[in-house]
Amino acid sequence: DTAVSQTPKYLVTQMGNDKSIKCEQNLGHDTMYWYKQDSKKFLKIMFSYNNKELIINETVPNRFSPKSPDKAHLNLHINSLELGDSAVYFCASSRTLAGGLETQYFGPGTRLLVL
Amino acid sequence: SQQGEEDPQALSIQEGENATMNCSYKTSINNLQWYRQNSGRGLVHLILIRSNEREKHSGRLRVTLDTSKKSSSLLITASRAADTASYFCATDLGTASKLTFGTGTRLQVTL
């Protein structure tokens, strides 16, 4: 069974479109995250949620809106896509919100290409 | 600002050799983790070392932490082709559940 799953795996779309990426974890974890990995492999946190509550919201354009319907799901909706949004987006989860003590479990990534 | 910087950026070795990669960070930390990322996949946790620990082992992995130098190293002994991946250090800032990842070292192990 996949612990952290994301859909879709690949997403190719035109500039200006709106798209969503879904994430689900079956580990029973309380905390979930969204990361963006650019072409140079630099991984940067975007958001984190703990029990459906937003904890971290880094300086991400408000075109990006996360939604957590329950603690097993954290979706990412992106409005008005721009070329610079092209990247790999990773979802991750951890058992609790406990700083660097917790192992994070990553999904396989969603490769977004904006044309 | 980026917390961790890995060195070297890329490393190519032959199977059976040891691989050492280093991570330097700028501010005090409570914990440091190492992750591996195979090409086209998500990151996988390898090992966690706390700020009051100096060395930790897990199988063929050995991690050291020198808080006075604000640096950590990851040693992979007797490398295998399957160790080919990117390796990232990740540090916490102690005040929030946030890991800040380094730039990564790309390791290539050839037969």
Side-chain angles (χ1 to χ4, degrees), chain A residues 2-7 9-10 21 23-25 27 29-51 53-60 74 87-111, chain B residues 1-6 8-11 21 23 25 27-53 56 58 63 65 67 72 85-108:
Chain A
T2 304
V4 182
S5 58
Q6 295 177 229
T7 54
K9 191 169 182 180
Y10 298 96
I21 307 171
C23 178
E24 176 181 1
Q25 54 95 3
L27 297 167
H29 288 170
D30 286 346
T31 311
M32 296 185 73
Y33 311 82
W34 277 111
Y35 288 89
K36 178 181 179 181
Q37 187 173 46
D38 63 22
S39 58
K40 294 183 179 177
K41 302 292 186 187
F42 178 48
L43 193 71
K44 184 171 168 53
I45 190 166
M46 301 172 70
F47 303 103
S48 77
Y49 271 72
N50 187 62
N51 275 321
E53 180 187 348
L54 179 66
I55 302 298
I56 292 173
N57 182 350
E58 292 290 286
T59 49
V60 177
L74 181 61
V88 183
Y89 292 84
F90 286 100
C91 176
S93 72
S94 62
R95 193 173 55 92
T96 67
L97 186 75
L101 275 175
E102 290 291 339
T103 296
Q104 293 191 14
Y105 295 80
F106 282 76
T110 294
R111 283 140 195 85
Chain B
S1 65
Q2 198 168 306
Q3 178 75 333
E5 302 266 348
E6 270 98 338
Q9 288 188 353
L11 180 60
M21 40 209 109
C23 168
Y25 53 92
T27 61
S28 296
I29 60 168
N30 293 324
N31 305 284
L32 186 144
Q33 301 186 29
W34 283 91
Y35 285 78
R36 183 188 74 230
Q37 184 180 29
N38 289 84
S39 181
R41 309 288 288 272
L43 280 75
V44 174
H45 178 259
L46 294 176
I47 200 164
L48 179 151
I49 188 164
R50 300 182 190 219
S51 59
N52 60 356
E53 296 175 313
K56 212 162 177 184
S58 175
V63 168
L65 180 64
T67 52
S72 173
S86 291
Y87 292 82
F88 295 87
C89 67
T91 53
D92 67 349
L93 298 178
T95 58
S97 182
K98 183 170 88 167
L99 284 179
T100 302
F101 285 81
T103 49
T105 292
R106 291 186 306 281
L107 174 65
Q108 176 77 42

Does [atom1] belonging to [X] count more than 12 external heavy atoms closer than 6.0 Å?
| X | atom1 | value |
| --- | --- | --- |
| B:Gln9 | CD | no |
| A:Glu53 | CD | no |
| A:Arg111 | CZ | yes |
| A:Tyr105 | OH | no |

As an exercise, state the distance from NZ of B:Lys98 to CD1 of A:Ile55, rounded to the nearest 0.5 Å.
13.0 Å
Rounded to the nearest 0.5 Å, the OG1 atom of A:Thr103 sits from the CD1 atom of B:Ile47 at a distance of 10.5 Å
If you count heavy-atom pairs under 4.5 Å with chain B, which of A:Gln37, A:Lys40, A:Lys44, A:Lys41 comes out on top?
A:Gln37
Contacting region of B:Leu43 [heavy-atom separation from chain A under 4.5 Å]:
both
Where does B:Arg50 contact chain A at under 4.5 Å (heavy atoms): side chain, backbone, both or neither?
side chain
Measure A:Gln6 against the heavy atoms of chain B and call it side chain, backbone, both or neither at under 4.5 Å.
neither
Over all atoms of both residues, closest heavy-atom pair of A:Glu102 and B:Tyr35:
O-OH, 4.3 Å
